[in-house]
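Report on the structure given below.
Naming convention: chains lettered A, B, ... in sequence-line order (proteins, then strands); numbering from 1 in each chain.
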Amino acid sequence: MSDFYTKVYAVVRKIPKGKICTYGDIAEYIGTKGAARTVGYAMNYSHQVTPFVPAHRVVNRNGLLTGKQHFGTPTLMQQLLESEGVKIINNQIQDFEKIRWKPKGKIL
DNA sequence: CCGATGACTTCTC
DNA sequence: GGAGAAGCCATCG
């Protein structure tokens, strides 16, 4: 496991319940700003990582659930978020800027 | 090292 | 506003 993945997972696991974060923010926080795509790539691996990584709390810059189809079912991601109090309309997070969360200080 | 891949981002049309 | 293309960077084989 590369440091990149480790940091990504560390940040994602720290996202509070009912909050969400973006790929770009995570990548930027880690230091690899342009590697937002790689963050998503790391999320794909999150299935084989323990403990569970709340990848459903990570969305793209528009608050759109672009990675929903990578869960079991295309509706699972939205269901998980809604069960945590996040409102979603048309695959887009409502009050996105309001519940948006960013890592503070050191995560490791 | 190189080419291919990707759950991104931004610009253009 | 949707679709296509280019830029970006880390990972994998």
Side-chain angles (χ1 to χ4, degrees):
Chain A
M1 190 67 65
S2 303
D3 288 340
F4 185 87
Y5 279 27
T6 305
K7 289 177 182 176
V8 171
Y9 299 147
V11 173
V12 176
R13 290 202 195 95
K14 280 219 162 200
I15 300 177
K17 177 183 177 183
K19 299 272 185 173
I20 45 86
C21 191
T22 72
Y23 299 99
D25 286 341
I26 294 175
E28 183 177 352
Y29 177 79
I30 293 175
T32 55
K33 186 176 181 181
R37 315 180 65 168
T38 317
V39 174
Y41 197 73
M43 291 296 94
N44 199 16
Y45 270 65
S46 66
H47 292 288
Q48 71 181 28
V49 175
T50 53
F52 173 71
V53 179
H56 57 278
R57 296 184 189 143
V58 185
V59 296
N60 72 339
R61 216 162 169 65
N62 298 316
L64 207 59
L65 307 186
T66 53
K68 59 186 301 183
Q69 56 181 328
H70 285 269
F71 285 76
T73 66
T75 57
L76 180 59
M77 186 176 187
Q78 178 174 341
Q79 288 177 358
L80 287 173
L81 289 171
E82 287 181 337
S83 65
E84 294 182 355
V86 179
K87 292 178 171 54
I88 299 175
I89 299 179
N90 194 14
N91 297 334
Q92 186 168 359
I93 296 180
Q94 301 302 300
D95 299 325
F96 170 60
E97 293 293 338
K98 186 178 297 183
I99 66 174
R100 188 175 180 177
W101 178 89
K102 279 191 174 184
K104 309 163 189 173
K106 286 195 172 184
I107 57 176
L108 302 178

For A:Leu81, what are the other residues in its hydrophobic cluster, where any two members join if their side-chain heavy atoms are less than 4.5 angstrom apart?
A:Ile20, A:Val59, A:Leu65, A:Phe71, A:Leu76, A:Met77, A:Leu80, A:Val86, A:Ile88, A:Ile93, A:Phe96, A:Ile99
In short, A:Tyr23 meets A:Met43 closest at the heavy-atom pair CE2-CG, 4.1 Å
In residues 61-74 of chain A, what residues come within less than 4.0 Å of DNA chain B, judged by heavy atoms?
A:Arg61, A:Thr66, A:Gly67, A:His70, A:Phe71
Under the salt bridge (Lys or Arg N to Asp or Glu O under 4.0 Å) test, which residues partner A:Lys102, sequence neighbours left out?
A:Asp25
Among residues at least two apart in sequence or on other chains, which ones pass salt bridge (Lys or Arg N to Asp or Glu O under 4.0 Å) with A:Glu82?
none
Angle between ring planes, A:Tyr5 versus A:Tyr9, binned at 30° and 60°: parallel, tilted or perpendicular?
perpendicular
Using a cut-off of strictly less than 4.0 Å between a heavy atom of the residue and any atom of DNA chain C, enumerate the qualifying residues of residues 34-51 of chain A by number.
A:Gly34, A:Ala35, A:Arg37, A:Thr38, A:Tyr45
Quick check for you: name the first and last nucleotides of DNA chain B, 5' to 3', having an atom under 4.0 Å from a heavy atom of chain A.
B:dG6 to B:dT10
A:Phe4 near the nucleic acid: base, sugar-phosphate alone, or nothing, with a heavy-atom cut-off under 4.0 Å?
sugar-phosphate
Looking for any heavy atom pair under 4.0 Å, which part of the strands does A:Thr22 touch: base, sugar-phosphate only, or nothing?
nothing
Would you please name every residue forming a side-chain hydrogen bond (donor to acceptor under 3.5 Å, both in side chains) with [X], sequence neighbours left out?
X	result
A:Lys19	none
A:Asn44	none
A:Glu97	A:Arg100

Sequence neighbours excluded - side-chain hydrogen bond (donor to acceptor under 3.5 Å, both in side chains) pairs with any residue from residues 58-70 of chain A:
A:Lys68-A:Asn91
Under 4.0 Å from any heavy atom of chain A: name the first and the last nucleotide of DNA chain C that qualifies, 5' to 3'.
C:dG7 to C:dC12
Gap between atom [atom2] of [Y] and atom [atom1] of [X] - 0.5 Å precision:
X	Y	atom1	atom2	result
A:Thr32	A:Ile26	OG1	CD1	10.0 Å
A:Tyr29	A:Lys7	OH	NZ	9.5 Å
A:Ser46	A:Arg13	OG	CZ	9.0 Å

Among residues two or more places apart or on two chains, list those pairs meeting salt bridge (charged side-chain N to carboxylate O under 4.0 Å, His left out) that have a residue in residues 36-57 of chain A.
A:Arg57-A:Glu84
